[in-house]
Engineer: 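Have a look at the structure that comes next, please.
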Amino acid sequence: MKSGELKMRWARQYMPVLAEIRRTFQEERPLSGLTVGMALHVEAKTAVLAETLAAAGAEVHITGCNPLSTQDDVAEALGMVPGVTCYAKRGVGVEEYYAAIDRVLDAAPSITIDDGMDLIHRLHTTRRELLDSVIGGCEETTTGIHRLRAMTKEGELRFPVIAVNDTPMKRFFDNVHGTGESALTAVMATTNALIAGKQIVVAGYGYCGNGLAKKAHGLGARVIVTEVDARRALQAHMDGYEVMGMDEAAARGDLFVTTTGNTSVISGRHFPKMKHGAILANAGHFNVEIDIDWLENHTEATEDRDGIRTYCIGGKALHVLAEGRLVNLATPKGMGHPIEVMDLSFALQALCTAHIARHGSELEGGVYEVPAAIDEQVANLKLGSLGITIDTLTEEQVRYMSSWDIGT
Ligand code: NAI
């Protein structure tokens, strides 16, 4: 067996929820006759999702959603799965990246699955002639949903898209535990540096930042959080972290990880204040959180270690991982989120894709929540796979919870 197939086999054994859904899909074929276009990080877990959609009867066309996150051996293995065509390649330039997005769209997908909204953006700009053939889509990440909501506000979004990211079964696990663990794993594997005792600066205390801070603290790091939202800043303070602005934190950090989904969070005014040897990584979706252009234009750069670019500034060395692209996937050893977490996220994607196939044409253009029944189904399947049983409400409790006149 080749390495890509071995990686897929490895992933499959820790994805019991998706396996259960695949069994049902094989019988019911809910995507029969439909073409699904996907732009996701092409690695083993994504490959298991793609084969699950193919097992449901779809013709799947897939490419990456980041120029550095594709694993070529998995892309090759995925290309061998019946019903799947894969265009992803690691280390492509911007032009080649969008050419692959266009090849997915050439298949005229009826359903899109995005991680960052690149397929949908292309469909609404240079490929508008294909819009009428799309029933709907699913979006995997926070940044993609920000972009979709901005489109909806301007009346631009032409079909319904399910915000998979925003449902509890996704963001409570994938964003918190997945990003928390995998971003730190990638930093450690790329640098060989110790986390214990380090001063880590986490920019953004949303779902991802919260998980990252918690895991770093668990490994013995001292954590500083930077925020722009007063409520989230206060939450970080009460969770036990130091909170301050990046201007102050810049001089304190040994390791910086951005998780804001925003731009220029660490910029030209911060770099000169940093310590010699500071490590900078981004876990947010796009490579705009750390101002790499400023570093490229104002400093000397060297590549001393795989996946690390070192910038020399005022005699100090600053080390940026994976060109400021999302560290858990774009570093050479980045494997993305742990498998069990993606089992949940991709179970949601699979069920939401089937939901769009059934109901997409009844819905207007806009962003939709994951149906509560799907969220609960994934939770129940996961609990079942773990052999965990929980209590159920008694009749008395149901009555109590739905009444307004029962007091003390
Ligand atoms: P979120 O919206 O829950 O959190 C973002 C936080 O950043 C908010 O609290 C916001 O107030 C804060 N923020 C915004 N601008 C800031 C600034 N200039 N300085 C400091 N804080 C700022 O979003 P979530 O779910 O935590 O996602 C964050 C990013 O991570 C998104 O780009 C998302 O797409 C990406 N993501 C990455 C994953 C990965 O595998 N690395 C997985 C899941 C999400």
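All values below were derived from every heavy atom in this structure, side-chain atoms included, with hydrogens, water molecules and symmetry-related copies excluded. We count ligands from 1, going down the list as the structure has it; atoms in each ligand are counted the same way.
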Engineer: Looking only at heavy atoms, which two atoms of Asp115 and Cys65 are closest? And how far apart?
Structural biologist: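 Heavy-atom minimum between the residues: O-CB, 3.5 Å.
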
Engineer: Backbone or side chain, does any N or O of Glu289 fall under 3.5 Å from an N or O of ligand 1?
Structural biologist: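 No - when backbone and side-chain N and O of Glu289 are compared with those of ligand 1, no distance drops under 3.5 Å.
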
Engineer: Out of the candidates Glu140, Met342, Glu139, Lys170, only one should pair with Gln349 under the side-chain contact (heavy atoms from CB on, under 4.5 Å) rule; please name it.
Structural biologist: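 Result for side-chain contact (heavy atoms from CB on, under 4.5 Å) with Gln349: Glu140.
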
Engineer: Side-chain donor-acceptor pairs under 3.5 Å in residues 382-393, sequence neighbours left out?
Structural biologist:
{"unit_1": "Ser385", "atom_1": "OG", "unit_2": "Lys382", "atom_2": "O", "d": "2.7"}

Engineer: If the contact criterion is a heavy-atom separation under 4.0 Å, does Arg232 count as touching ligand 1?
Structural biologist: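 Under 4.0 Å: yes for Arg232.
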
Engineer: So which of Lys170, Arg325, Glu227 gets nearest to atom 11 (O) of ligand 1, if we judge by its closest heavy atom?
Structural biologist: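 Ranked by closest heavy atom to atom 11 (O) of ligand 1, first place is Glu227.
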
Engineer: Nearest protein heavy atom to atom 35 (C) of ligand 1, by residue and atom, and its distance?
Structural biologist: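 Nearest neighbour among protein heavy atoms for atom 35 (C) of ligand 1, to 0.1 Å: His285 N, 3.7 Å.
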
Engineer: Between ligand 1 and Thr142, is the shortest N or O to N or O distance under 3.5 Å?
Structural biologist: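 Among all N and O atoms of Thr142, at least one is under 3.5 Å from an N or O of ligand 1.
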
Engineer: Among all the protein's non-hydrogen atoms, which is closest to atom 4 (O) of ligand 1, and how far away is it?
Structural biologist: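 For atom 4 (O) of ligand 1, the nearest protein heavy atom comes out as Gly206 CA, 3.1 Å.
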
Engineer: Quick check: closest heavy atoms across Thr141 and Gly116, and the distance to 0.1 Å?
Structural biologist: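 Scanning both residues completely, I find the closest heavy atoms to be CG2-N, 3.7 Å.
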
Engineer: Kindly confirm or rule out an N or O of His146 lying under 3.5 angstrom from an N or O of ligand 1.
Structural biologist: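 No; every N/O pair is 3.5 Å or more apart.
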
Engineer: Would Phe159 and His124 count as a ring pair (Phe, Tyr, Trp, His ring centres under 6.0 Å) here? Give the steps.
Structural biologist: CA-CA 10 Å; Phe159 51 78; His124 286 75; 5.5 Å; yes

Engineer: Between Gly284 and ligand 1, is there a nitrogen or oxygen pair with a distance under 3.5 Å?
Structural biologist: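 So ligand 1 has no N or O lying under 3.5 Å from an N or O of Gly284.
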
Engineer: Starting from atom 26 (O) of ligand 1, what is the nearest protein heavy atom, named by residue and atom, and what distance separates them?
Structural biologist: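 Answer for atom 26 (O) of ligand 1: Cys208 N, 2.8 Å.
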
Engineer: Return the residue, atom name and 0.1 Å-rounded distance of the protein heavy atom closest to atom 42 (C) of ligand 1.
Structural biologist: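 So the nearest neighbour among protein heavy atoms is Thr179 OG1, 3.2 Å.
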
Engineer: Just by distance, with hydrogens left out, do Thr24 and Glu27 show a side-chain donor and acceptor under 3.5 Å apart?
Structural biologist: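 Result is no, nothing qualifies.
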
Engineer: Any idea which protein heavy atom is nearest atom 28 (C) of ligand 1, and the distance to it?
Structural biologist: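 Nearest neighbour among protein heavy atoms for atom 28 (C) of ligand 1, to 0.1 Å: Thr259 O, 3.4 Å.
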
Engineer: Among all protein non-hydrogen atoms, which one is nearest to atom 17 (C) of ligand 1, and what is the separation to 0.1 Å?
Structural biologist: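 Nearest protein contact, heavy atoms only, for atom 17 (C) of ligand 1 is Val228 CG1, 3.5 Å.
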
Engineer: Please report which non-hydrogen protein atom sits nearest to atom 34 (O) of ligand 1, along with the residue it belongs to and the distance in Å to one decimal place.
Structural biologist: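 Of every protein heavy atom, Thr141 OG1, 2.7 Å lies nearest to atom 34 (O) of ligand 1.
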
Engineer: Is the backbone N or O of Val74 less than 3.5 Å from a side-chain atom of Lys7, with the two atoms forming a donor-acceptor pair by type?
Structural biologist: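 The answer is no, because no donor-acceptor pair under 3.5 Å joins these two groups.
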
Engineer: Provide, to 0.1 Å, the distance between atom 39 (C) of ligand 1 and the closest protein heavy atom, together with that atom's residue and name.
Structural biologist: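 For atom 39 (C) of ligand 1, the nearest protein heavy atom is Asn328 ND2, 3.4 Å.
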
Engineer: For Leu130, is there any backbone N or O sitting under 3.5 Å from a side-chain donor or acceptor partner on Ser133?
Structural biologist: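 Side chain of Ser133 to backbone of Leu130, a donor-acceptor pair under 3.5 Å: yes, one is there.
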
Engineer: Using the ring-ring contact (aromatic ring centres under 6.0 Å, His included) rule, collect all pairs that involve residues 315-362, keeping only residues at least two apart or in two chains.
Structural biologist: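 Non-adjacent pairs meeting ring-ring contact (aromatic ring centres under 6.0 Å, His included): His355-His359.
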
